[in-house]
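Written out below as structure tokens is the structure these notes cover.
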Amino acid sequence: MLWNYPKAEKRAFNYGCAGRTLSDPYAWMEQNDEDTRAFVAKQNEFTDNWFVQNGDKVAKRAAILAEKSGKPSYSDIEECHGKLYASRRSPAGETSAVVLDTDFNEIKTLMDNEKAEGAFHVYKASPCPSNEDIVALFVLKNGAARPSVMLQRVSTGEVFATLDGMFSYTWSPDGERLYYSDAVADPVAGTNVNTVRAYNLKTGEAQLLYTEHDNAVFATLSSSPTGDLFIHIHISYVNIRVLHFNPISGVITRLTQNDNSVYNHAGSIGQNHYFFTNDGAAKGKVIAIQGASQFDKAKEILPQDERPLDGVMTVGENLLAVYLNDAVSEAELFDREGRSLGNIALPDSLGTLSQPTERANCNAKHLYLNFESFVCPPSVLKYGINDSNAVIAYSQRNSGIRTDVTVEKVPVIARDGTRILAFMVHGKGLCPNGNTPVLMHGYGGYNVSNTPNYNIFFMGLDVVDWVDRGGMYVHCILRGGGEYGADWHEAGWRGNKKNAFYDFIDIAEWIVKLGWTKPERIAINGGSNGGLLVTAAVTQQPKAFGAVIAAVPHTDMIHFCFDDRGPMYITEYGNPREEAMFEYMLSYSPYHNIKEGVAYPPIYIQTGEYDNNVPPYHAKKFATRMQELDGESPCLLRVLPKGSHDLGTGDVFYRTAAEMQLFAERALGMEV
């Protein structure tokens with residue numbers, strides 16, 4: 001053997017899908033049993049030894065990353081009771097829920113990994129509007145298929161209620177009830193039954209309010225200051241049914257007439273309720289209803305713009321809208337009737353502005369927004385609700401905006417004539433020389449907009465650091481995302497999914513044609529759906545790339561439909577149980593398209609045993625099948641024993657990021 005990979009036993013296993021029978025000799029890896037754990041241990045040992053034999057620089061790089069990592073970042077900030085409640089993320093990927101003063105000094109840690117005793121990760125804290133001693137914590141237990149919400153007393157740290165298997169929650173404005181949605185999946189039948197409940201803080205009892213029997217991905221909730229509850233039933237990630245619940249009468253009214261569009265509650269001003277929708281407006285618009293009126297009686301407030309509407313929310317008596325102009329955020333303020341009050345200046349013209357996912361009904365005086373760009377570190381903008389001023393209140397780094405880096409926004413023509421987009425980030429003065437090391441990143445799915453970012457999360461790498469090493473970073477805007485509205489998403493999902501892969505490959509080939517580099521000097525990186533992107537791209541066009549870094553990827557696009565979250569994912573990818581979709585998905589499924597006699601570039605693939613989003617078997621089976629070829633280039637598998645849908649936390653995060661970066665640099669012939 002060329003690489004002496006760990007020996008993987010092949011076991012006879014057949015299963016049926018869409019009337020076809022498939023053989024999968026590595027299906028046993030889908031079970032986290034003793035045999036699988038033993039094999040994974042050998043894979044991790046092999047990966048350890050590979051780095052030792054190739055310079056043993058992981059510890060040094062990890063230490064460098066830790067030293068320059070900067071301060072924590074804060075998001076989902078809610079102003080309530082004169083304090084700030086926030087999600088805190090350390091540079092090492094550790095998440096916690098904290099209370100801050102208005103100058104961003106930490107007053108109290110509500111929950112972190114230490115207090116959780118390593119049993120779960122906490123992601124967000126939502127204060128009870130009427131009782132500052134109670135918060136709702138959004139957490140993910142190790143190995144759980146779905147998140148939980150924990151109710152905690154701030155003064156003592158006591159968790160007095162835990163609600164499992166949920167996706168969304170919101171407080172009633174009086175703080176007496178916590179509304180939450182949960183679900184029960186039946187992977188065999190391919191269904192997901194969603195329910196909505198109300199937990200009563202006085203009695204400690206949960207009341208069932210609604211059951212959605214139609215198959216749906218999940219349900220999300222939003223409340224208004226006057227007590228209205230809006231239930232969003234996500235039939236798919238982009239098909240949403242909206243219901244109104246009256247907490248006084250208990251009456252539930254359906255507001256939508258069909259399930260063909262997106263509807264999201266953007267907030268309320270009195271009895272006027274504002275919604276984002278793409279119904280009849282592929283790039284989004286804002287409508288308003290009064291009370292529990294159905295949407296056929298809605299008033300159009302913000303008509304569709306040439307720029308896709310990326311987000312909107314009520315701010316006091318006004319509306320704050322965020323548009324995307326070629327995947328770049330632009331913010332504009334409107335009054336309650338849709339009259340423009342002017343644009344909001346942002347720190348960088350090519351950046352990303354993110355609004356909080358929800359806000360407590362706490363009569364806050366400020367709104368806290370997150371901003372970053374390729375050259376601007378993650379920052380928090382403090383927006384005055386009464387004076388409409390936005391200033392940087394906090395930045396993760398003290399370095400400020402880098403002015404010695406060039407960012408170019410360049411259109412690319414795909415193979416079918418579609419205009420796609422690439423951001424090229426490099427040092428000033430760098431010109432095409434045919435040999436520049438290039439790092440490409442993309443996503444292309446779930447209607448998610450891949451807007452500019454400072455740090456490439458699924459590689460633990462600041463974009464400017466790659467530039468400082470003499471490289472060029474290429475940020476790819478692919479069909480399947482949400483950067484240009486609903487039509488753009490639909491052009492890269494289900495039966496059009498290959499368009500995202502083709503777009504990615506076309507951008508790589510375009511860079512070469514421009515004379516910047518050559519294929520063996522291009523590394524590609526992606527995580528989750530982006531991990532599917534890079535593994536599909538390399539199995540479709542292996543000669544286009546010089547290295548692959550795939551994190552927590554989907555790779556088996558047939559068997560995934562039988563997983564716990566299969567009923568959710570078929571809404572985006574399509575259902576391989578259907579004959580036509582089976583043939584299409586099999587034609588690009590990375591695990592099924594690894595071929596004998598093909599020279600693949602070096603591949604590093606990473607996953608975590610506690611990943612509740614994409615099961616770790618996807619990475620294990622793909623890497624094992626690739627290793628079976630024993631080609632000239634290495635294929636490394638890193639499985640984090642306690643990793644979730646991330647690169648791990650603490651020292652594990654730095655080590656994993658260091659491995660990814662060193663692997664890519666070595667593959668591209670850079671000095672490491």
Side-chain angles (χ1 to χ4, degrees), residues 220-226 228-246 252-326 328-344 353 355-359 367 369 383 385 388 447 449 482-490:
T220 56
L221 309 175
S222 177
S223 61
S224 77
T226 54
D228 304 83
L229 176 67
F230 297 99
I231 303 170
H232 306 75
I233 303 296
H234 294 244
I235 305 301
S236 77
Y237 289 88
V238 293
N239 302 97
I240 300 176
R241 178 182 302 166
V242 182
L243 312 172
H244 173 273
F245 173 73
N246 185 318
I252 291 181
T253 305
R254 178 168 173 169
L255 305 183
T256 48
Q257 286 73 51
N258 57 64
D259 300 328
N260 300 325
S261 306
V262 170
Y263 286 91
N264 281 316
H265 181 226
S268 302
I269 302 174
Q271 282 298 321
N272 291 323
H273 308 301
Y274 296 84
F275 285 81
F276 165 92
T277 183
N278 61 11
D279 190 0
K283 294 184 179 180
K285 64 181 180 181
V286 176
I287 60 175
I289 60 172
Q290 287 191 338
S293 301
Q294 293 187 327
F295 286 137
D296 59 357
K297 299 178 181 178
K299 177 182 179 182
E300 185 175 86
I301 302 298
L302 297 183
Q304 179 174 224
D305 193 270
E306 285 299 314
R307 304 163 297 172
L309 184 58
D310 189 48
V312 62
M313 66 190 313
T314 55
V315 182
E317 295 291 312
N318 299 320
L319 296 166
L320 175 62
V322 178
Y323 293 95
L324 289 182
N325 187 350
D326 270 345
V328 171
S329 294
E330 296 179 348
E332 189 170 357
L333 191 67
F334 298 87
D335 70 13
R336 61 193 297 170
E337 297 298 324
R339 292 180 288 263
S340 179
L341 300 175
N343 295 328
I344 296 172
L353 183 68
Q355 298 172 328
T357 54
E358 69 172 88
R359 294 166 59 204
L367 176 67
L369 308 163
Y383 176 82
I385 293 176
S388 301
N447 201 36
S449 297
E483 297 88 354
Y484 295 104
D487 293 345
W488 184 256
H489 170 236
E490 292 175 8

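Keep in mind it's a predicted model, so treat the numbers as computed, not measured.
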Q.
Quick check: do Pro303 and Lys285 have side-chain heavy atoms less than 4.5 Å from each other?
A. no

Q. Roughly how far, to the nearest 0.5 Å, is the CD1 atom of Ile235 from the CG atom of Asn260?
A. 10.5 Å

Q.
Please tell me whether Tyr274 and His265 form a close aromatic pair, meaning their ring centres lie under 6.0 Å apart.
A. no

Q: Might you work through the side chain to side chain contact (heavy atoms under 4.5 Å, CB included) test for Tyr237 and Asn447, ending with a clear yes or no?
A: CA-CA 8 Å; Tyr237 289 88; Asn447 201 36; 6.0 Å; no

Q | Check: Glu317 side chain, Ile269 main-chain N or O, donor-acceptor pair, under 3.5 Å | A | no

Q) Where do Leu333 and Asn318 come nearest, in terms of heavy atoms and distance? A) CD1-CB, 4.0 Å

Q: Provide the closest heavy-atom pair for Val262 versus Asn278 in the form atom of the first, atom of the second, distance.
A: N-OD1, 2.9 Å

Q: Would you please classify the geometry between the Phe295 ring and the Tyr263 ring as parallel, tilted or perpendicular, with 30° and 60° separating the classes?
A: parallel

Q. Can you tell me how far the CG atom of Asp310 sits from the CG atom of Asn325, to the nearest 0.5 Å?
A. 12.0 Å

Q | Nearest atoms (heavy-atom pairs only) where Thr277 meets Asp279 | A | OG1-N, 3.0 Å

Side chains of residues 286-294: which donor-acceptor pairs under 3.5 Å do they make with residues two or more places apart or in other chains?
| residue | atom | partner | partner atom | Å |
| --- | --- | --- | --- | --- |
| Gln290 | NE2 | Asn272 | OD1 | 3.4 |
| Ser293 | OG | Gln290 | O | 2.7 |
| Gln294 | NE2 | Arg254 | O | 3.0 |

Q: Using modelled atom types only, decide if a donor and an acceptor are shared between the side chain of Glu330 and the backbone of Arg307 within a distance under 3.5 Å.
A: no

Q) Atom CD in Gln271, atom CG in Asp228: separation rounded to 0.5 Å? A) 5.5 Å

**Q.** Nearest heavy atoms of Pro356 and Leu369, plus distance in Å
**A.** CD-CD2, 4.0 Å

Q) For Glu306, does the CD atom have more than 12 heavy-atom neighbours from other residues, nucleotides or ligands under 6.0 Å away? A) no

Q) Once you round to the nearest 0.5 Å, how far does CD1 of Ile240 lie from CD1 of Ile233? A) 10.0 Å

Q | N/O donor-acceptor pair under 3.5 Å between Asn239 side chain and Asp259 backbone | A | yes

Q. Looking only at heavy atoms, what is the nearest atom pair of Val315 and Leu320, with distance?
A. CG2-CB, 3.7 Å

Q. At what distance, to the nearest 0.5 angstrom, does NE2 of His489 lie from CD of Glu483?
A. 10.5 Å

(Q) Under a 3.5 Å threshold, yes or no: a donor from one side chain and an acceptor from the other, between His232 and Ser222? (A) no

(Q) Working note: Tyr323 + Leu302, criterion side chain to side chain contact (heavy atoms under 4.5 Å, CB included); need CA distance, chi angles, decisive distance, verdict. (A) CA-CA 12 Å; Tyr323 293 95; Leu302 297 183; 4.1 Å; yes

**Q.** Those residues that, when tested against Ser340, pass side chain to side chain contact (heavy atoms under 4.5 Å, CB included) (two or more places apart)
**A.** Glu332, Phe334

(Q) To the closest 0.5 Å, what do you measure between CG (Asp335) and CD1 (Ile301)? (A) 9.0 Å

Q. Parallel under 30°, tilted from 30 to 60°, perpendicular over 60°: which one fits the rings of Trp488 and Tyr484?
A. perpendicular

Q | Closest non-hydrogen atom pair, Thr314 against Ser268 | A | OG1-N, 3.5 Å

Q: Only one of Thr220, Leu243, Leu255 passes side-chain contact (heavy atoms from CB on, under 4.5 Å) with Ile231; say which it is.
A: Leu243

